[in-house]
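In what follows, chains are A, B, ... by sequence order, proteins preceding strands, each numbered from 1.
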Number of protein chains: 2
Amino acid sequence: MSHPNAEPRARLSRDRVLEAAITLADAAGIESLTMRKLGVELGVEAMSLYRYVAHKSDLLDGMIDTVFREIDVPSGTDWRVAMRGRAESVRAVLSRHRWATGLMESRTTPGPANLRHHDAVLGVLRSAGFSIAMAAHAYSALDSYIYGFALQEPSLPFHSDEETAQAVQAIMGRFASGQYPHLTEIAVEHVLKPGYDYGDEFAFGLDLILDGLEHALHAS
Amino acid sequence: MSHPNAEPRARLSRDRVLEAAITLADAAGIESLTMRKLGVELGVEAMSLYRYVAHKSDLLDGMIDTVFREIDVPSGTDWRVAMRGRAESVRAVLSRHRWATGLMESRTTPGPANLRHHDAVLGVLRSAGFSIAMAAHAYSALDSYIYGFALQEPSLPFHSDEETAQAVQAIMGRFASGQYPHLTEIAVEHVLKPGYDYGDEFAFGLDLILDGLEHALHAS
DNA sequence: AGTCGTACGCTTACGTCGTAAGCACGTCAA
DNA sequence: TTGACGTGCTTACGACGTAAGCGTACGACT
C-alpha cells in the first residue's frame with residue numbers, strides 16, 4: 001500500500017492527451033489550451049505531457065487529425081449523395097470543434113486521417129466519372145466552400161434570435177443610421193426575422209456547387 | 001540640442017503602429033508578432049504602444065480592418081464583373097497577408113472598412129435585382145468560398161514546381177505506396193505536371209458559384 | 001528471489017510573453 | 001513663469017512553452 005487512498009489514475013497515452021486537449025479547447029477555446037491547464041485536466045504536471053507529444057504544435061497536429069477521424073469517410077456510388085453527406089459531416093464536426101478551422105491554416109503536415117479522408121473523396125469522384133483534372137477542381141471548390149463556411153460560422157453572432165438581435169444592435173448602434181443601408185436592410189428584413197438561422201445558408205451554396213459540378217461532369 | 005544625433009523619429013500614431021504590425025506579420029508570421037518586437041521595429045518600448053492600442057487583440061482588430069481597406073470596394077452595374085473583381089481583390093489581399101484569414105475566426109467585431117466593403121457587395125447585388133434573401137445567399141456563398149480558398153492556399157505547398165515536388169515526396173514518402181491511390185494519382189498526373197498552380201483552381205469554383213447565382217437570379 | 005533496464009511522471013529553471021502601475025520629460029497655453 | 005497634458009520609459013508580475021535532469025515502480029530476465 002505505497003499510495004494510501006490514491007485512485008489508480010488511468011495511465012496517460014497520446015490518445016488520452018489528445019482527447020483531453022480537444023475537450024478543453026471545445027469548452028474554453030483554443031487560446032486557453034495551455035500545457036499546464038491540460039496537465040491539471042489530466043491530473044498530471046505539464047512536463048509529463050511531453051512524453052506523448054514532442055511540442056505544443058505536435059499536440060495541435062494530433063488534435064486536428066483526431067478531429068478528422070470524426071468525419072464520415074465518404075463512399076457509395078451516387079457521388080452527389082456522398083459529397084453532400086460528407087459536406088454535412090465536415091460541417092457538423094467543425095462546428096463541434098470551432099477552434100479547428102482556424103488552426104488548419106497554420107498546420108502544413110496533414111495526418112493520416114486527413115489523407116484517408118481526402119483519398120476517399122477523390123475515389124468517389126473518380127468512380128463517378130470525373131476526370132483527374134475535374135476531380136481536382138471539384139475537390140478544391142468543395143473544400144474551399146466548406147472550410148470557408150465553417151470559418152465564418154462561429155464568428156457570426158447568429159446562434160439564437162435574441163443573441164442575433166443584440167449583436168446586430170451592438171454593431172449597428174456604433175454608426176450613424178443610414179451609413180450602411182444595405183447591411184441595415186438585410187439585418188432588419190432578413191436576419192432579424194424570427195427563426196432565421198445562418199446555418200441554413202450552408203445548403204444553398206453547397207447545392208450551387210454540386211449543380212455546377214454535375215453540369216461539368218455531363219458536359220465532358 | 002537635448003538629443004545629440006537623434007533623428008527626429010517620426011511620431012507614433014495608431015496607423016503607423018498598425019502598418020508596422022502588418023509588415024511584421026507579413027514577413028515573419030502572425031505568431032512572431034509580439035508587442036516587444038513591434039516596439040523594436042518602431043524604435044520604441046513595448047509599453048509605449050499601449051497609448052495607441054488598448055490591448056493586443058485591439059491591435060489585431062485594427063490590423064484586420066486595415067487589411068480590409070486594401071480591398072477594392074465593388075461597384076458598377078454588371079454584378080458578375082463586380083463580384084469577380086471583388087473576389088480577385090480579396091484573394092490578392094489575403095494572399096499578401098497570409099495571417100489574416102486565420103485571424104478572422106477569432107475576431108467578432110467587424111471594423112468600418114469591413115462593414116463598408118460588405119455593404120457595397122450587397123448594394124451591387126440588390127441593384128442587379130437579387131431579392132433580399134437571394135442577396136444574403138449569394139453573399140454567404142461567395143464569402144465562404146473566397147475565405148475558404150484563402151485559408152487553404154497558404155497551407156498547401158504548391159507555390160513552385162520544385163517546392164511542390166518536394167512537398168509531395170515528403171508527404172507520400174511517409175506511407176506505403178498504394179495506401180492513398182487517388183491522392184497519388186492526382187499528385188502524379190495533375191499536380192506534378194509542370195506549370196501547375198493551385199491558384200488557378202480559384203477561377204473554376206468561382207465561376208461555378210457565379211453561374212449558379214445567375215441562374216437563380218433569372219429563375220426568380 | 002534478486003537484479004536491473006526502462007517507462008513514466010515530477011522538479012526546477014530559463015527566457016519570453018502581455019500588460020498593470022507609475023514616473024519623467026517636452027511642449028504649449030495662460 | 002507656471003502648470004497641465006501628451007508621450008514615451010521603467011519596473012514588475014504572473015503565465016506561458018519547454019530544456020535538463022531526477023526519482024521510482026514495474027516487468028523481464030537470470
Side-chain angles (χ1 to χ4, degrees), chain A residues 1-25 27-64 99 102-103 106-109, chain B residues 1-25 27-64 99 102-103 106-109:
Chain A
M1 208 158 69
S2 54
H3 289 78
N5 37 14
E7 35 184 314
R9 190 172 70 182
R11 286 290 276 298
L12 255 45
S13 72
R14 181 170 232 261
D15 277 348
R16 249 171 54 74
V17 169
L18 294 180
E19 221 63 69
I22 289 172
T23 304
L24 210 151
I30 193 70
E31 71 287 347
S32 71
L33 168 65
T34 70
M35 299 305 277
R36 289 171 223 253
K37 285 188 199 155
L38 184 52
V40 169
E41 208 69 18
L42 288 162
V44 133
E45 290 302 310
M47 288 310 291
S48 304
L49 303 170
Y50 284 94
R51 191 129 326 243
Y52 303 95
V53 149
H55 34 255
K56 191 172 185 186
S57 76
D58 180 34
L59 173 72
L60 297 177
D61 281 335
M63 291 168 69
I64 292 279
W99 45 270
L103 225 58
S106 47
R107 329 271 89 222
T108 52
T109 47
Chain B
M1 208 162 61
S2 55
H3 289 79
N5 38 12
E7 34 185 313
R9 190 169 71 182
R11 286 290 276 298
L12 254 46
S13 72
R14 182 170 229 261
D15 277 348
R16 249 169 55 75
V17 169
L18 294 179
E19 219 64 68
I22 289 173
T23 305
L24 211 151
I30 192 72
E31 73 285 348
S32 71
L33 169 65
T34 70
M35 299 304 277
R36 290 172 223 255
K37 284 188 199 155
L38 183 52
V40 169
E41 207 68 20
L42 289 161
V44 136
E45 289 303 308
M47 287 312 289
S48 304
L49 303 170
Y50 284 92
R51 189 126 330 240
Y52 305 95
V53 150
H55 34 254
K56 191 173 184 184
S57 74
D58 181 34
L59 174 72
L60 297 176
D61 281 335
M63 289 167 69
I64 294 280
W99 45 269
L103 224 58
S106 46
R107 327 270 90 219
T108 51
T109 47

Output the distance between atom CG (B:D58) and atom OG1 (B:T109), rounded to the nearest 0.5 Å.
-> 8.5 Å
Test B:M63 against B:I30 for side-chain contact (heavy atoms from CB on, under 4.5 Å), laying out the working first.
-> CA-CA 11 Å; B:M63 289 167 69; B:I30 192 72; 4.2 Å; yes
Whole-Å distance, A:L12 CG to C:dC10 C1', equals 13 Å
Atom CD of A:E45 and atom P of D:dA19: how far apart are they, to the nearest Å?
-> 17 Å
Between OG1 of B:T108 and CG of B:D61, what distance do you get to the nearest 0.5 Å?
-> 7.5 Å
Counting just side-chain N and O atoms, does A:S48 come under 4.0 Å of either OP1 or OP2 of C:dC10?
-> yes
Worked check of side-chain contact (heavy atoms from CB on, under 4.5 Å) between A:L49 and A:L59 | CA-CA 10 Å; A:L49 303 170; A:L59 173 72; over 6 Å; no
Find the distance B:E31:CD to D:dC16:C1' and express it as a whole number of Å.
-> 16 Å
With the sugar-phosphate defined as primed atoms, P, OP1 and OP2, and the base as all remaining atoms, what B/S/- string results for nucleotides 14-19 of chain C, 5' to 3', for protein heavy atoms under 4.0 Å?
-> ---BBB
Separation of D:dT18 atom P from A:L38 atom CG, nearest Å, is 13 Å
Is the shortest side-chain N/O distance from A:R11 to OP1 or OP2 of C:dC8 below 4.0 Å?
-> yes
Check the distance between C:dA7's P and A:R14's CZ and give it to me in whole angstrom.
-> 17 Å
How far does CZ of A:R14 sit from CD of A:E19, to the nearest 0.5 angstrom?
-> 12.5 Å
Atom CD1 of A:I30 to atom P of D:dC16: distance rounded to whole Å?
-> 14 Å
Which whole-number value in Å describes the distance from A:L60 CG to D:dG17 C1'?
-> 12 Å
Using atom CZ of A:R51 as one end and atom P of D:dC22 as the other, report the distance to the nearest whole Å.
-> 14 Å
Can A:M35 and A:Y50 be said to form a side-chain contact (heavy atoms from CB on, under 4.5 Å), step by step?
-> CA-CA 9 Å; A:M35 299 305 277; A:Y50 284 94; 3.6 Å; yes
